[in-house]
Number of protein chains: 2
Amino acid sequence: MPPTLRPPAARPRRVTIRDVATAASVSTATVSYVLNDTPGQTITEATRRRVREAAVALGYSPHGVARALREGQSRIVLLAVPSMRGGRGLESFVAGMSAELRTLDHSLLVTTSEDGLPREAIQAIAPRATLRLADFLAESAWRGPVLGAFDGRLAGLEFHTLTQLRHLAERGHRDIAFALPDHPDPIADQRVAHVEGAATSLGLGPVRVLRLEMGEDAHARRAAVRELAEATPVTAVATYSDDVALGVLGAMAALRLRAPDDLAVIGFDDGEAGRVSQPALTTVRIDAGGFGRRAARVALGLDPGEWVESPSEVIVRATT
Amino acid sequence: MPPTLRPPAARPRRVTIRDVATAASVSTATVSYVLNDTPGQTITEATRRRVREAAVALGYSPHGVARALREGQSRIVLLAVPSMRGGRGLESFVAGMSAELRTLDHSLLVTTSEDGLPREAIQAIAPRATLRLADFLAESAWRGPVLGAFDGRLAGLEFHTLTQLRHLAERGHRDIAFALPDHPDPIADQRVAHVEGAATSLGLGPVRVLRLEMGEDAHARRAAVRELAEATPVTAVATYSDDVALGVLGAMAALRLRAPDDLAVIGFDDGEAGRVSQPALTTVRIDAGGFGRRAARVALGLDPGEWVESPSEVIVRATT
DNA sequence: CGCTAGCACTTAAACGAATAAGTGACTAGG
DNA sequence: CCTAGTCACTTATTCGTTTAAGTGCTAGCG
């Protein structure tokens, strides 16, 4: 049987603006004006009430598709993420963005797209705006006044990275490494740049960048970590993610090195694994909810609103 | 400044079916018939070519919103997931579903919704179908012939759970525990039921269910794991996720218990953390791509197609 | 008393596609 | 020679909203 689509099911009649108009004995235009609170329209309170009551009585809700056709775009913003494997940071970002959009009568939909814009989805729903996460992480929309270095203005990931390194600096570490996965990553270069910037502004020495093997080859990991711990002055390693941190810690355990004495380790984005493993991982918890809200407003072309305070904090556990 | 939406930007004129019709000197109906290969229409090959050439020359692509209004639903299927924190399983599921839908001229969009259907998104885009992940995991759509127990037909999670426990059974374990997070979870009960079913069909003893504290309280975890290892005949523990497995392993390390000798541990869904931590975690890798494809076809009301073979396998590492 | 202005609405035209129901021209059958 | 049928298209309607442009009525002003 060839995979042909069967014809769409017979349409269950839906409640339209016309039904509301009839019920309230007005025209559809009046209904639209009332329900949308269109400014500059003179409609008596009595009529307004009639319309509103008819609408709820019939259970009317506007047909987003028809509206989108008329308005040229749907009340949706599309977020393109590289993959569905998110952490706490992405989760809170999406939650915040979604909540803020709901407030503004829009909704958030997520799509995966490796690179480029999700053209098919855009064709399909004509979103009000499309945001690529990787782009946005470096976007000036994140900027706002912030305590610390960098002339007071920081992008999101920059800020979290500063949080991460500041903790290390406060513990007295001067020579640090930054470990990131060896597999390709859209924002790896950005992250490295942020780490180097943060290190400079905190007065640390040059950062050793370590691309850690994240496959089954534990030997390679061990060799890399041994080299780091024994042949360099590095005393602490900040990581791209909790997973990478766990890799460093795993190699250290095999080498009988202890955190934080032999090497301090701090993760990023507070996953479950780091919390429950042994030794418990120090990490930075990112509350991207505020950023998500900002992202929502920026996507709709609104004023981003107030800057959110302390969007990231260090969760101190056993490895620093 | 009150947060009012600014008026939609002046619409950049888009290429419509009318433009194509004009360019090809035919009516819009003809264009539609040609581009959609509508059956039962007699249109000469010459005309068809003219239309198609005009369409590509103008860069025409149909306006999904207009089409959705006319057809009553958009060519989109909506997947509602409880959170953006997915693992390999979700990632491959989404990838497979998305790919299959693309084949069928639809696209996949993801939304988060704690419980219930994502009503706002549905209103907004009138999706062809909406799938709640949690529902779908238990759905009969997953069913197909499969080697092993359960009269040859298994749902997806059932299948993966069987893979997980079979490995333990093959290693000679009879008394096992199943550890799951203590925080609420939409599919926890299902998982437990599947584990019990699998244990029965494999001839194992009754399964001890352990809800593991997944917060900062390492003592509680340790106490629970000590009890399990010392006061029960349990020799192996299967877990809800790699994260839970790492928690068990962490507690074991603190108690100086060794895997697999004191207690064997097998995770679920092969995350990065389990692969790189020490000892390296045995786990089950789920390739949900095939399930995603099936889901796509089921969502569109098509025949699910052939059953996919071996959608999950055990990655044997150091803990079993 | 004629005219304008405001009020409280209504009419009608989009938005872009899909498709049922035509419409001439030509062919074939009786 | 008349009619029915096919061919190759076209015309016109529909989906459900939003919104510019009316419309009839009353009040107020000069």
Side-chain angles (χ1 to χ4, degrees), chain A residues 5 7-22 24-51 55 58-75 105 123-126 128, chain B residues 5 7-22 24-51 55 58-75 105 123-126 128:
Chain A
L5 289 176
R11 233 181 277 200
R13 194 149 137 54
R14 68 159 17 245
V15 178
T16 74
I17 199 174
R18 186 159 279 113
D19 299 320
V20 178
T22 307
S25 323
V26 292
S27 68
T28 61
T30 302
V31 175
S32 176
Y33 290 141
V34 169
L35 297 184
N36 294 313
D37 271 323
T38 309
Q41 236 36 56
T42 53
I43 297 170
T44 58
E45 196 44 51
T47 304
R48 286 178 189 276
R49 192 165 26 245
R50 275 213 323 285
V51 169
L58 296 174
Y60 169 74
S61 70
H63 191 346
V65 173
R67 175 180 272 176
L69 177 59
R70 170 70 221 230
E71 297 194 326
Q73 54 199 7
S74 55
R75 300 200 183 172
D105 202 21
Q123 293 288 353
I125 62 170
R128 171 78 186 264
Chain B
L5 289 177
R11 229 179 280 201
R13 201 155 131 49
R14 67 158 20 244
V15 178
T16 75
I17 200 174
R18 187 159 279 114
D19 299 320
V20 178
T22 306
S25 325
V26 293
S27 68
T28 61
T30 302
V31 174
S32 176
Y33 290 141
V34 170
L35 297 183
N36 294 313
D37 273 324
T38 310
Q41 236 38 52
T42 52
I43 298 172
T44 56
E45 194 46 49
T47 304
R48 285 177 189 276
R49 191 165 26 242
R50 273 210 328 284
V51 168
L58 296 175
Y60 169 75
S61 70
H63 191 347
V65 173
R67 177 182 271 173
L69 176 59
R70 170 69 221 231
E71 298 194 326
Q73 54 198 7
S74 56
R75 301 200 183 172
D105 203 22
Q123 293 289 354
I125 63 170
R128 170 77 186 261

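Reminder, nothing fancy here: chain letters follow the sequence lines and each chain counts from 1. Values below: every heavy atom of this structure, side chains too, minus hydrogens, waters and symmetry copies.
A distance-only check finds a donor-acceptor pair linking the side chain of B:Arg50 to the backbone of B:Ala24 [under 3.5 Å]. Looking at A:Ser32, its side chain never comes within 3.5 Å of a backbone N or O of A:Thr28 through a donor-acceptor pair. A donor-acceptor pair under 3.5 Å is formed between the side chain of B:Ser74 and the backbone N or O of B:Ile125.
In terms of phosphate contacts, A:Thr38 brings no side-chain nitrogen or oxygen within less than 4.0 Å of OP1 or OP2 of D:dT19. For B:Ser32, no side-chain nitrogen or oxygen approaches OP1 or OP2 of C:dT19 to under 4.0 Å. Taking only side-chain nitrogens and oxygens, A:Arg67 never comes nearer than 4.0 Å to OP1 or OP2 of D:dG16. For the OP1/OP2 pair of D:dC9 and a distance below 4.0 Å, the side-chain nitrogens and oxygens of B:Thr47 include at least one atom meeting the criterion. For D:dT17, the OP1/OP2 oxygens have no side-chain nitrogen or oxygen of A:Thr28 closer than 4.0 Å. OP1 or OP2 of D:dT10 lies within a sub-4.0 Å distance of a side-chain N or O belonging to B:Ser27.
When all heavy atoms of A:Arg14 and A:Asp19 are compared, the closest pair comes out as O-OD2, 3.6 Å. Among all heavy-atom pairs drawn from A:Thr16 and A:Tyr60, the shortest one is C-CE1, 3.5 Å. B:Val26 and B:Thr47 make their closest contact through CG1-CG2, 3.9 Å (heavy atoms, listed as atom of the first residue, atom of the second, distance). Scanning both residues, B:Ala126 and B:Gly72, for their nearest heavy atoms gives CB-O, 4.2 Å. A:Tyr33 and A:Ile43 make their closest contact through CB-CD1, 3.8 Å (heavy atoms, listed as atom of the first residue, atom of the second, distance).
Within the nucleic acid shown, B:Val65 has no heavy atom closer than 4.0 Å to any nucleic acid atom.
Rounding to the nearest 0.5 angstrom, the gap separating the OG1 atom in B:Thr30 from the CD atom in B:Gln41 is 8.0 Å.
Judged by atom type and distance alone, B:Arg70 does not reach the base of C:dA17 through any side-chain donor-acceptor pair under 3.5 Å.
Residue B:Thr16 places its side chain closer to C:dG16 than to any other of C:dG16, D:dA8, C:dT10.
Remark on DNA chain D: of its neighbouring residues B:Ala66 and B:Arg50, the 5'-side contact belongs to B:Arg50, judged by nearest-heavy-atom nucleotide.
The side-chain heavy atoms of B:Asp37 and B:Arg48, taken from C-beta on, include a pair separated by under 4.5 Å.
If you take CG of B:Asp105 and C1' of C:dA18, they are 14 Å apart, rounded to a whole angstrom. Look at CD1 on B:Ile17: it is 8 Å from C1' on C:dG16, rounded to the nearest Å. Taking atom CG of B:Leu69 as the reference point, atom P of D:dT13 lies 17 Å away to the nearest angstrom. The distance from atom NE2 of B:His63 to atom C1' of C:dA17 is 9 Å, rounded to the nearest whole Å. The nearest whole Å value for the distance from the CZ atom in B:Arg14 to the C1' atom in C:dC15 is 11 Å. Atoms CD (A:Gln73) and P (D:dT17) sit 18 Å apart, rounded to a whole Å. One can place CZ of B:Arg75 at 12 Å from P of C:dA17, the figure rounded to the nearest angstrom. Note: CD (B:Glu71) to P (C:dA17) measures 12 Å, nearest angstrom.
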Distances for protein N/O vs nucleotides 20-22 of chain C N/O pairs under 3.5 angstrom?
{"residue": "C:dA20", "atom": "N7", "partner": "B:Tyr33", "partner atom": "OH", "Å": "3.4"}
{"residue": "C:dA20", "atom": "N6", "partner": "B:Tyr33", "partner atom": "OH", "Å": "3.2"}

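Remark on the helix from C:dC1-D:dG30 to C:dG30-D:dC1: inter-end axis angle 70°, axes from five-pair C1' superpositions, rounded to 10°.
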